[in-house]
2 protein chains.
Amino acid sequence: MNRRSGIESKKRILDAAMVVFSRQGYAKANIREIAKVAGISVGGVYLYFKNKEELYLSFIKDGMNDMMRKTEMIVESHRSPIRALYDFLKVHINSAIKHRELILVHVRELGFTFALEHKRQYMRNQLRLVEKIIDRGIRTGEFRRCNVKEVAKIIMGTVRSVMLSMAMDKDVIVTTKGLHDLILNGLLRNNNQLADNRR
Amino acid sequence: MNRRSGIESKKRILDAAMVVFSRQGYAKANIREIAKVAGISVGGVYLYFKNKEELYLSFIKDGMNDMMRKTEMIVESHRSPIRALYDFLKVHINSAIKHRELILVHVRELGFTFALEHKRQYMRNQLRLVEKIIDRGIRTGEFRRCNVKEVAKIIMGTVRSVMLSMAMDKDVIVTTKGLHDLILNGLLRNNNQLADNRR
DNA sequence: TCTATACCTGAACGTCTGTTCATGTGAATT
DNA sequence: AATTCACATGAACAGACGTTCAGGTATAGA
């Protein structure tokens with residue numbers, strides 16, 4: 001027998017779940033394999049998690065909470081909206097590099113009814129943060145007047161999918177600077193190009 | 001017995017596959033249900049498709065081919081890059097409205113090894129089209145000089161995720177015009193706002 | 001040493017899955 | 001009427017899955 005503290009076992013299982021779920025997706029992943037990767041018996045998994053669903057939810061939530069904390073801090077603490085946007089983008093791009101697997105799981109399991117509400121809530125919150133940045137930018141005069149809700153959706157969409165592209169394909173690397181620049185200045189030629197000298 | 005032409009049966013099965021795969025994802029979807037929705041027996045499905053995998057591939061490919069045809073036409077035929085970009089965005093947004101389910105399947109099954117190569121190929125092709133538009137725009141002087149490959153990735157990413165947002169949530173509606181405008185002009189205030197008078 | 005507690009095991013159960021196949025049937029052809 | 005052929009069926013098979021549970025073992029305290 002392999003003796004460990006309960007806390008360590010639970011952590012092991014969560015780590016293993018991350019590996020297996022991201023490799024296989026929820027439906028294809030199976031408890032036997034998660035147990036094997038964790039170095040624990042099948043029954044052992046059920047000591048710490050009621051069932052497969054709860055295990056899945058548990059580690060999905062961890063990731064979302066972490067991101068919420070980081071991004072909220074940025075939006076609350078920063079003065080310049082341009083800089084806040086930059087940092088907001090940076091957190092997401094860094095997370096894409098660091099947690100490729102987690103992102104793939106997120107996206108892949110979009111349709112799951114039982115995790116859906118949490119994910120929607122998370123997306124709504126992130127959207128709210130972007131709206132906040134844009135609102136402030138318009139008030140300070142740095143950003144142009146626009147349909148805040150629509151623009152926020154587009155930006156948040158861009159961020160999500162840049163993350164996805166990077167998670168899917170290791171060779172795809174989008175720099176925070178490049179993304180920030182495009183969002184601020186657009187494609188057209190005769191726009192000002194001062195954005196990277198962040199004020 | 002329910003007698004039909006082979007062609008009609010095959011079409012029925014493909015339609016049913018679309019419904020069931022998009023509701024459940026590949027792994028969770030099962031042949032019995034696809035058969036039921038198609039109004040055909042379980043064995044009947046195997047008359048037209050070697051196995052579940054081939055059935056899945058078959059209908060995924062149909063959708064991708066359709067999009068490739070439409071977008072290629074736009075990029076080849078148009079003179080103004082600004083207009084080409086607009087039409088390119090429009091095709092994608094319209095497709096998001098029309099084929100919500102298909103998009104969800106696409107995204108959800110990202111990790112499947114057997115469909116992966118086709119999807120990657122599709123994404124590469126779409127990327128090439130965007131690069132073509134940008135390249136031409138820079139040559140005509142309409143677009144500013146930029147890292148074409150990176151910008152294309154970001155734009156393509158934006159498009160994908162706007163589609164995804166709309167597929168996930170019926171209430172999310174991003175207009176082609178809004179997206180086009182943001183891509184061209186960015187967020188900053190003192191940029192020119194002439195893009196919507198498409199030349 | 002004994003006992004209580006926390007941790008762990010993996011065979012066994014019931015259910016669901018993709019796939020096969022022996023069999024059947026309507027319609028066209030002879 | 002007999003034959004042929006394309007289309008159709010669903011019970012049966014083999015394997016995989018989530019979950020349970022009767023039992024096992026290391027450790028700490030008495």
Side-chain angles (χ1 to χ4, degrees), chain A residues 1-61 105 108-109 111-116, chain B residues 1-61 105 108-109 111-116:
Chain A
M1 203 187 288
N2 232 329
R3 203 140 192 89
R4 275 176 298 275
S5 78
I7 297 164
E8 201 211 322
S9 291
K10 189 163 182 177
K11 192 179 168 338
R12 273 183 182 229
I13 295 167
L14 279 170
D15 288 348
M18 158 92 97
V19 172
V20 177
F21 278 135
S22 53
R23 232 185 356 228
Q24 327 246 42
Y26 179 83
K28 248 188 159 186
N30 69 39
I31 301 287
R32 262 164 267 260
E33 189 170 348
I34 292 174
K36 203 161 99 188
V37 172
I40 277 185
S41 68
V42 193
V45 174
Y46 286 87
L47 245 43
Y48 300 98
F49 299 93
K50 209 172 91 241
N51 52 32
K52 190 183 176 187
E53 189 174 313
E54 197 198 87
L55 173 56
Y56 175 71
L57 262 178
S58 186
F59 102 101
I60 279 287
K61 278 190 200 163
V105 180
R108 208 145 33 182
E109 248 60 68
F112 268 131
T113 39
F114 62 83
L116 200 64
Chain B
M1 202 188 292
N2 231 328
R3 203 138 193 89
R4 274 177 300 274
S5 79
I7 297 166
E8 201 211 321
S9 291
K10 189 164 182 176
K11 190 176 170 341
R12 271 183 182 230
I13 295 168
L14 279 170
D15 288 348
M18 159 91 98
V19 172
V20 177
F21 277 136
S22 54
R23 224 174 15 215
Q24 327 245 44
Y26 178 84
K28 249 187 157 185
N30 70 350
I31 301 288
R32 262 165 267 260
E33 190 171 347
I34 293 174
K36 202 162 101 189
V37 172
I40 278 185
S41 67
V42 192
V45 174
Y46 286 86
L47 247 42
Y48 300 97
F49 299 92
K50 209 173 91 242
N51 51 33
K52 191 182 176 187
E53 188 173 316
E54 198 197 87
L55 172 57
Y56 176 71
L57 263 177
S58 187
F59 102 101
I60 279 287
K61 279 190 199 165
V105 181
R108 206 145 36 182
E109 247 60 68
F112 269 132
T113 39
F114 62 82
L116 201 63

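Convention: sequence-line order gives letters A, B, ...; per-chain numbering from 1.
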Notebook entry, point to check: Any side-chain N or O of B/Tyr46 under 4.0 Å from OP1/OP2 of D/dT9?
Noted result: no
Computed from five pairs at either end and rounded to 10 degrees, the angle between the axes of the helix from C/dT1-D/dA30 to C/dT30-D/dA1 is 10°
Separation between CZ (A/Arg12) and OH (A/Tyr48), nearest 0.5 Å, reads 10.5 Å
Discussion item. Please evaluate residues B/Ile34 and B/Phe21 with respect to the criterion side-chain contact (heavy atoms from CB on, under 4.5 Å), reporting the C-alpha separation (whole Å), side-chain torsions for both, the decisive distance (0.1 Å), and the verdict.
Written reply: CA-CA 8 Å; B/Ile34 293 174; B/Phe21 277 136; 4.1 Å; yes
Does the cation-pi check pass for A/Lys10 over A/Phe49, that is, NZ or CZ under 6.0 Å from the six-membered ring centre and within 45° of its axis? yes
Pairwise N/O distances under 3.5 Å, protein to nucleotides 12-17 of chain C:
| unit_1 | atom_1 | unit_2 | atom_2 | d |
| --- | --- | --- | --- | --- |
| C/dT17 | OP1 | B/Asn30 | ND2 | 3.3 |
| C/dT17 | OP2 | B/Asn30 | ND2 | 3.1 |

| message | By the 4.0 Å heavy-atom rule, please label B/Phe49 as base, sugar-phosphate, or nothing. | response | nothing
One should read off an interatomic distance between A/Glu33 CD and A/Lys28 NZ, to the nearest 0.5 angstrom, of 10.5 Å
Here the distance between atom P of D/dC7 and atom CD1 of B/Ile7, to the nearest Å, is 8 Å
Base, sugar-phosphate or nothing for A/Ile40? Non-hydrogen atoms, less than 4.0 Å.
sugar-phosphate
B/Ile34 atom CD1 is separated from C/dG18 atom P, nearest whole Å, by 8 Å
From NZ of A/Lys36 across to P of C/dT9 the rounded distance in Å is 14 Å
To the nearest angstrom, the NZ-C1' distance between A/Lys10 and C/dA6 comes to 15 Å
A/Ile40 side chain reached by A/Leu47 side chain, heavy atoms, under 4.5 Å | no
*Within the structure, does a side-chain N or O atom of B/Tyr48 lie under 4.0 Å from either OP1 or OP2 of D/dA8?*
yes
Quick note, A/Asn51 side chain, CB onward, closest among C/dT19, C/dC8, D/dT19 is D/dT19
note: B/Leu55, atom CG; C/dT19, atom C1'; distance rounded to Å ~ 14 Å
Rounded to the nearest 0.5 Å, the OH atom of B/Tyr46 sits from the OG atom of B/Ser41 at a distance of 11.5 Å
Residues passing the salt bridge (charged side-chain N to carboxylate O under 4.0 Å, His left out) test with A/Lys11, sequence neighbours excluded, are A/Asp15
### Message
Does C/dC7 have OP1 or OP2 under 4.0 Å away from a side-chain N or O of A/Ser5?
### Response
no
* To do: Identify whether any heavy atom of B/Gly6 sits under 4.0 Å from a base atom; if not, whether one sits that close to sugar-phosphate; answer base, sugar-phosphate or nothing.
  => sugar-phosphate
ask   = Sub-3.5 Å donor-acceptor pair from the side chain of B/Lys52 to the main-chain atoms of B/Tyr26, do we have one?
value = yes
Smallest heavy-atom separation, A/Gly44 atom then A/Ile13 atom, equals O-CD1, 4.2 Å
Taken to the nearest whole Å, CG/B/Leu47 to C1'/D/dG10 is 13 Å
